[in-house]
Amino acid sequence: MKNLRFKTYNLLLQIFSRKIGVGISLVIIGLIFNGCSHWEEEEFFYHSPNWTSDGRVVFVKEIRVWKWERSIFGESAHIKSERTWLCEVNADGSGMEEKGFLFDDPAQGINSTSSAGDWVVLGDVHYNSIWVIRRDGTGLQKVGEGQNPDFSPDASKIVYEKPGEGIWIMDRDGGNDHQIIADPDAKYPAWSPDDTLIAYGYGSVHIYNLIASQQVREFNYLYFPDWYSNGKFVSICASPEYDGGIDIDIYNDQIDTLRQISSGYYLKVSSDGNKFVAYDGSWFVINRDGTGKWYLRP
């Protein structure tokens, strides 16, 4: 490396000396070599939270390492490495812990999680892939291709979005993969706690009955559905009439606007229905009555 640097130095000196003289050449070459510097910076992110069956919050911790270079031509950076871990924390922010290492890949893009029982399913938007892992951090396995997966209540099956091909269901190990909804625009499926219904949609939320194999309800101007354990689901409404999360009773269409969480998006509700995780520029946890808000931050 030193010999190469020395040869490069001499070559540049010869070139510049012919053009503008030895003194000025030495100054320019010195700026090129001595003006360069390299350093690394780490960024920490917590993202993709969701609730576990026992009321904890599962999420992904990401450490991104940037390699910076500075020269007379300016500064530039690129991602050197990106590592991710599966983590959990109590609903009050205490007891945060790493459960297991996930990936060491700058292109890996986990953007969704779903948990049921002892399992977590992960959706990777960059590779369009679905992974399952035990909550204790063991058994990471790729099981299929798709996005926004959600576990059935007993964690035996996964409903997910196959971009351009509708909503599909497969077994936890990737077997018995089959389409249930052919609409190519169908997105963000969510499995009901009683194992009979699938909510899905972006712009309009639909309710699909698994037993009857047909759509039974549709609600306009709604996004990102998720279910309560009592048969209701919570969603975000983009209509000017509603500016936040809303409850919809799927049996009589009653709507109750929850103004206290109007700043949040991508809501996910805890199994007891008393807390939410949501996003307002950062991920946070909040009680249903609007109290106890805290942010999921490194």
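Hydrogens, waters and symmetry mates are skipped; everything else that's a heavy atom, side chains included, is used. Model, not experiment: these values are computed from the prediction.
In this structure, the side chains of Tyr200 and Val205 stay at 4.5 Å or more apart for every pair of heavy atoms. The closest side-chain heavy-atom distance from Ile130 to Leu122 is not below 4.5 Å. Between Met96 and Leu296, some side-chain heavy-atom pair lies under the 4.5 Å cut-off. Annotation: side chain of Phe101 is not in contact with side chain of Thr84 (no heavy-atom distance under 4.5 Å). Using a 4.5 Å heavy-atom cutoff, the side chains of Ser112 and Gln147 are not in contact. With contacts defined as side-chain heavy-atom distances shorter than 4.5 Å, the pair Thr113/Val121 does not qualify. Asn111 places a side-chain heavy atom less than 4.5 Å from the side chain of Asn148.
Asn176 contributes atom CG, which lies 9.0 Å from atom CD1 of Ile169 (distance to the nearest 0.5 angstrom). For the atom pair Phe59 CZ and Glu88 CD, the distance stands at 9.0 Å (nearest 0.5 Å). Rounding to the nearest 0.5 Å places CD of Gln215 at 8.0 Å from CD1 of Ile181. The distance from atom CZ of Phe276 to atom CG of Asn287, rounded to the nearest 0.5 Å, is 10.0 Å. For the atom pair CZ (Phe151) and CH2 (Trp191), the distance works out to 10.5 Å, reported to the nearest 0.5 Å. A distance of 5.5 Å separates CD1 of Ile286 from NZ of Lys293, quoted to the nearest 0.5 Å.
Gln179 places a side-chain N or O within 3.5 Å of a backbone atom of Glu165 that can act as its donor or acceptor partner. The main-chain N or O of Glu62 is never found under 3.5 Å from a side-chain atom of Arg83 such that the two would form a donor-acceptor pair. No donor-acceptor pair under 3.5 Å is formed between the side chain of Tyr127 and the backbone N or O of Ser129. Looking at Asp124, its side chain never comes within 3.5 Å of a backbone N or O of Asn128 through a donor-acceptor pair. Panel note: side chain Ser152, backbone Lys157; a donor-acceptor pair is recorded below 3.5 Å. Between the Trp294 side chain and the Ala91 main chain, a donor and an acceptor come within less than 3.5 Å of each other. Between the Asp171 side chain and the Asp173 main chain, no donor and acceptor come within less than 3.5 Å of each other.
Between the side chains of Ser204 and Asn220, at least one donor-acceptor pair of N or O atoms lies under 3.5 Å. For Tyr160 and Asp177, the side-chain atoms include at least one donor-acceptor pair closer than 3.5 Å.
In plain terms, the two heavy atoms of Ala199 and Pro225 that are nearest each other are CB-CB, 3.8 Å. The minimum heavy-atom distance linking Asp194 with Leu197 is given by the pair OD1-N, 4.1 Å. A pairwise comparison of heavy atoms in Ser192 and Pro153 identifies O-CG, 3.4 Å as the closest pair. Closest heavy-atom contact between Lys268 and Asn50: CB-OD1, 3.6 Å. Across all their heavy atoms, Ser115 and Val120 have their closest contact at OG-CG2, 3.9 Å. Nearest heavy atom pair, residue Arg297 against residue Ser282, reads NH2-OG, 3.4 Å.
Between Tyr266 and the options Tyr202, Tyr188, Tyr223, Phe224, a ring pair (Phe, Tyr, Trp, His ring centres under 6.0 Å) holds for only Phe224. Of the residues Arg56, Arg135, Lys61, the one that meets the salt bridge (charged side-chain N to carboxylate O under 4.0 Å, His left out) test with Glu97 is Arg56.
When the side chains of ILVMFWY residues are joined at heavy-atom separations under 4.5 Å, either directly or via intervening members, Leu267 and Val57 end up in a single hydrophobic cluster. The hydrophobic cluster containing Tyr279 also contains Val285, counting ILVMFWY residues as joined when their side-chain heavy atoms lie under 4.5 angstrom apart, directly or transitively. Neither Ile133 nor Ile158 shares a network with the other; the hydrophobic side chains, linked directly or stepwise wherever heavy atoms of I, L, V, M, F, W or Y lie under 4.5 Å apart, form separate groups for each. By the rule that hydrophobic residues join a cluster once side-chain heavy atoms approach within less than 4.5 Å of another member, Trp119 and Met170 end up as members of one cluster. Under a hydrophobic-cluster definition in which Ile, Leu, Val, Met, Phe, Trp and Tyr are linked whenever side-chain heavy atoms come within less than 4.5 Å, directly or via other members, Ile180 and Trp168 are assigned to different clusters.
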Report task. Report the C-alpha separation of Asn209 and Gln214 in whole Å, then their side-chain angles, then the decisive distance to 0.1 Å, and conclude whether the side chain to side chain donor-acceptor pair (under 3.5 Å) test is met. Result -> CA-CA 5 Å; Asn209 189 304; Gln214 64 182 9; over 6 Å; no
Report task. Apply side-chain contact (heavy atoms from CB on, under 4.5 Å) to the pair Leu102 and Trp85, showing each step before the final yes or no. Result -> CA-CA 5 Å; Leu102 295 174; Trp85 288 262; 5.5 Å; no
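Not counting sequence neighbours, Tyr208 has no partner by the ring-ring contact (aromatic ring centres under 6.0 Å, His included) test.
Residues Trp131 and Phe103 bring their aromatic ring centres within 6.0 Å.
Salt-bridge formation is not detected for the pair Lys275/Asp92: no Lys NZ or Arg NE/NH1/NH2 atom is positioned less than 4.0 Å from an Asp or Glu carboxylate oxygen.
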